[in-house]
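These numbers were taken from a predicted model, which means no experiment stands behind them.
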Amino acid sequence: MSRGDVLVLGAGMVGVCTAWHLRQQGFDVVLIDRGPPGAETSFGNAGLIQREAVEPYAFPRQWRKILAAALDQGVDIHYHLSALPALAPALWRYFRLSRPDRHALQSQAYSRLIACALDDHQPLIAQAGAEPLITRSGYRRVYRSQAAFDTAARDAQRLQHQYGLQVTVQDGAALALAEPTLRQPLAGAVLWSDAWSVQDPGDLVQAYARLYTHSGGALRLGDACSLQAQGTGWRVRTDDGAWLQAQHAVVALGPWSHALTSRLGYRLPLFAKRGYHQHYAAGDRLQLPLLDAERGYVLAPMRRGMRLTTGAEFAQLHAPATPVQIGRALAAARELVDLREPLDDPPWLGARPCTADMLPVMGPAPRHAGLWFNFGHAHQGFTLGPTAGRLLAAMMGGESAGIDMTPYLPARFV
């Protein structure tokens, strides 16, 4: 039996950053996962650190969008009919909390986290020697129709004034000059200059993990779902059959947090949005990552090639892959960019850990001493990992987090 102060379960961006910040607090930490750091959800995203993402993704309220999703006609949303009964309670709550007045309230709490993202990533990037992975030029949301572009331009100006973001609205001519490889004229784009792009998201998480182990933190392979109370603390089994025990345990398992917390008696309104990516050879490289806003996919230049990422698939977490969105997104993307043969097959599949109220779950578990939660960061776990880790480590160390943590506490669901 090995002992330590904290077991951190999950070696994605949130778990790695939580472990590192706890080491800075002086805790003896063991980081545990079934695989290497950054190999799951944190590996498969669009590689954006999104300072501009100050408002969480709301459930669509426009009947046309809801109808298109129900008919499974678009690129951005796909679902498994068999999964809907289990997902319905959380999705219904998500829909109700997405009404404009409530969404505005949730955005106030969400934006306070996003505002810290760049400042919290930067010291980790510098200390980990990860600067070659980072580009600080932003990304573009492009619009095919004039009506959608005009609406997006107005909303961008609102966000610019409300949150102090760096925004450039580009008409069709300006977009064509900025991205000359685009195959067809578009109505325009919004350039979000605050965002940073990462050439290999998994490599960035691994760089942070090396920084953690160099600080004296331990990294072990094990089954996080074997977590159980032991005396006044917690224990978990490693792959070699040994048990690790500590006074505290942090659940940072992303979409797998639901299974573990349910076993411990918590009924949290969690659900997963699955997503796919695939890399392609490209005739010409985009200058910046591109989100095709009216189709719902992202193209991001990466070390492995041009990464095509999809929107949300609503399905059971472990259901077989159904990458129909990749085919739809590829057809739409080839209208804009010369994408050639796929460089990896089959497409990668992952899942985003979401909550019905669109806010992460961070803080002490209400009914178990020494148990802490840090999950539910939805589309922005990659962006918010260092911030989430810093805030939870401050709470565990008895220090001020610097912001009111009430909106994110697990107790809000009990």
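The two residues L268 and T261 come nearest to each other via the heavy atoms CD1-OG1, 4.2 Å. The two residues M13 and G385 have their closest heavy-atom pair at CG-CA, 3.8 Å. In this structure, D223 and D239 approach most closely via the heavy-atom pair N-OD1, 4.4 Å. Nearest heavy atoms, G47 versus N45: N-OD1, 2.7 Å. In this structure, Y163 and S107 approach most closely via the heavy-atom pair OH-CB, 4.2 Å. Scanning both residues, D194 and L118, for their nearest heavy atoms gives O-CD1, 3.5 Å.
With values rounded to the nearest 0.5 angstrom, H377 atom NE2 is found 5.0 Å from M362 atom CE. Within the model, atoms CG of L359 and OH of Y110 stand 8.5 Å from one another, a figure rounded to the nearest 0.5 Å. Interatomic distance, S111 OG to R51 CZ, rounded to the nearest 0.5 Å: 8.0 Å. For the atom pair OH (Y139) and OG (S197), the distance works out to 11.5 Å, reported to the nearest 0.5 Å. Of the inter-residue distances, the one linking T41 atom OG1 with H379 atom NE2 reads 12.0 Å to the nearest 0.5 angstrom. Atom CH2 of residue W256 and atom SG of residue C225 lie 10.5 Å apart, to the nearest 0.5 angstrom.
A salt bridge links D240 with R220; the closest basic N to acidic carboxylate O contact falls under 4.0 Å. Between D203 and R304, none of the side-chain N atoms (NZ, or NE/NH1/NH2) sits under 4.0 Å from a carboxylate O, so this pair counts as no salt bridge. Note on D292 versus R144: salt bridge recorded, some NZ/NE/NH1/NH2 to OD/OE distance being below 4.0 Å. The existence of a salt bridge linking R390 and D120 is confirmed by a sub-4.0 Å separation between a basic side-chain nitrogen and an acidic carboxylate oxygen.
A donor-acceptor pair under 3.5 Å is absent between the side-chain atoms of Y79 and the main chain of A312, judged by distance alone. Between the Q199 side chain and the M302 main chain, no donor and acceptor come within less than 3.5 Å of each other.
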Stepwise side chain to side chain contact (heavy atoms under 4.5 Å, CB included) check, I125 with Y208: CA-CA 8 Å; I125 291 168; Y208 289 179; 3.2 Å; yes
V251 vs L371, side chain to side chain contact (heavy atoms under 4.5 Å, CB included): CA-CA, chis, key distance, verdict: CA-CA 8 Å; V251 180; L371 184 65; 4.0 Å; yes
Criterion side-chain hydrogen bond (donor to acceptor under 3.5 Å, both in side chains) on Q160 and E52, from CA distance to verdict: CA-CA 9 Å; Q160 181 182 33; E52 93 297 342; over 6 Å; no
From CA spacing to verdict: side chain to side chain contact (heavy atoms under 4.5 Å, CB included), V167, Q157: CA-CA 7 Å; V167 180; Q157 291 167 355; over 6 Å; no
W372/M395 under side chain to side chain contact (heavy atoms under 4.5 Å, CB included): CA gap, chis, key distance, verdict: CA-CA 10 Å; W372 302 79; M395 296 178 69; 4.2 Å; yes
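A ring-centre distance under 6.0 Å is found for Y266 and H368.
Geometrically, R61 engages F95 in a cation-pi contact, judged by NZ or CZ lying under 6.0 Å from the ring centre and within 45° of the ring axis. Under the 6.0 Å distance and 45° angle rule, R23 does not count as a cation-pi partner of Y212.
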